Amino acid sequence: MAPTAPPESRHALDLDGLRGPDIMFWSMWDGKDLVGVGALKHLSEEHAEIKSMRTARPYLRKGMASRILSYIILEAKKRGYSRLSLETGSMEFFEPARKLYSAFGFKICEPFGSYAEDPNSVFMTRYISDERA
């Protein structure tokens with residue numbers, strides 16, 4: 001993700017960050033091939049942040065990101081969260097991600113948690129119900 005934004009606007013977690021006690025991390029596999037990953041960061045008892053969603057290049061545009069996102073939303077519901085938020089880039093590179101999140105009911109919002117306004121970031125949120133994803 002380094003070439004997509006200046007250093008002060010990069011919010012993706014590195015490997016140590018993904019190992020934090022406030023992070024739940026999942027991977028999706030096709031046999032021995034990694035399809036994609038996703039993580040959920042605990043912000044409060046009601047609020048979690050989607051972190052580090054990525055799809056491997058051979059699986060892009062094949063619906064895998066939707067499957068990963070559906071799983072994360074379902075897990076968030078199971079864990080009792082009522083709100084999910086995320087930060088993604090504002091650049092053209094991130095347009096497919098923003099479209100995916102919008103399709104899942106995420107709306108643009110103000111910065112949350114420790115984030116500040118940043119022209120390179122788009123913040124999105126959605127409230128989740130007790131219904132299944």
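We count residues from 1, following the sequence as given. Being a predicted model, the structure only gives us computed values, none of them experimental.
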Handout entry: Test log, rule side-chain contact (heavy atoms from CB on, under 4.5 Å), inputs Ser27 and Leu34
Key = CA-CA 7 Å; Ser27 57; Leu34 179 63; 3.9 Å; yes

Fill in the blank from the handout: Phe104 and Ser70 have their tightest heavy-atom pair at CE2-OG, 3.3 Å

Exercise for the section: Could you check if a side-chain atom of Ile68 sits within less than 4.5 angstrom of a side-chain atom of Met53, using non-hydrogen atoms only? Expected result: yes

Practice task
Report, as yes or no, whether the 6.0 Å neighbourhood of atom CZ on Arg83 holds more than 12 heavy atoms from other residues, nucleotides or ligands.
Solution key: yes

Completion exercise
Note: Glu92 and Pro96 closest approach over all heavy atoms is O-CD, 4.0 Å

Exercise for the section: Over 60° means perpendicular and under 30° means parallel, so classify the ring planes of Phe123 and Phe112, tilted if in between. Expected result: perpendicular

Problem - Any side-chain heavy-atom pair of Met24 and Arg79 under 4.5 Å - result: yes

Handout entry: Flag side-chain contact, heavy atom, 4.5 Å: Ser85 against His47
Key = yes

Handout entry: Where at least one partner belongs to residues 95-107, residue pairs that pass salt bridge (charged side-chain N to carboxylate O under 4.0 Å, His left out), sequence neighbours excluded
Key = Glu95-Arg98

Handout entry: Crowding at CD1, Ile108 (>12 non-hydrogen neighbours, <6.0 Å)
Key = no

Handout entry: Straight-line distance of Leu86 CG to Lys51 NZ, nearest 0.5 Å
Key = 9.5 Å

Exercise for the section: Answer whether the closest heavy-atom distance between the side chains of Phe106 and Ile50 falls below 4.5 Å. Expected result: yes

Handout entry: Trace of the side-chain contact (heavy atoms from CB on, under 4.5 Å) decision for Met28 with Val37
Key = CA-CA 6 Å; Met28 179 185 229; Val37 298; over 6 Å; no

Problem - Side-chain heavy atoms of Thr88 within contact of Ser121, under 4.5 Å - result: no

Practice task
Answer whether the closest heavy-atom distance between the side chains of Arg126 and Ile128 falls below 4.5 Å.
Solution key: yes

Handout entry: Between Ser82 and Glu46, a side-chain donor and acceptor under 3.5 Å
Key = no

Exercise for the section: Might you point out which heavy atoms bring Ser90 and Pro119 nearest each other, and give the distance in Å? Expected result: OG-O, 2.7 Å

Practice task
With the side chain counted from C-beta on, respond yes when Asp30 and Tyr59 share a heavy-atom pair under 4.5 Å apart, and no when they do not.
Solution key: yes

Handout entry: Donor + acceptor pair across side chains of Tyr81, Glu49 (<3.5 Å)
Key = no

Exercise for the section: Would you please test Val122 and Met124 for side-chain contact (heavy atoms from CB on, under 4.5 Å) and show each step? Expected result: CA-CA 7 Å; Val122 172; Met124 302 180 83; 4.0 Å; yes

Practice task
Flag the pair Leu40 / Leu84 as yes when at least one side-chain heavy-atom distance between them is below 4.5 Å, and no otherwise.
Solution key: yes

Exercise for the section: Evaluate the criterion side-chain contact (heavy atoms from CB on, under 4.5 Å) for residue pair Ile72 and Trp26; output intermediate values, then yes/no. Expected result: CA-CA 8 Å; Ile72 291 172; Trp26 298 278; 4.0 Å; yes

Fill in the blank from the handout: Residues Leu100 and Ser66: closest non-hydrogen pair is CD1-OG, 3.3 Å

Exercise for the section: To the nearest 0.5 Å, tell me how far Thr55 OG1 sits from Met64 CE. Expected result: 8.5 Å

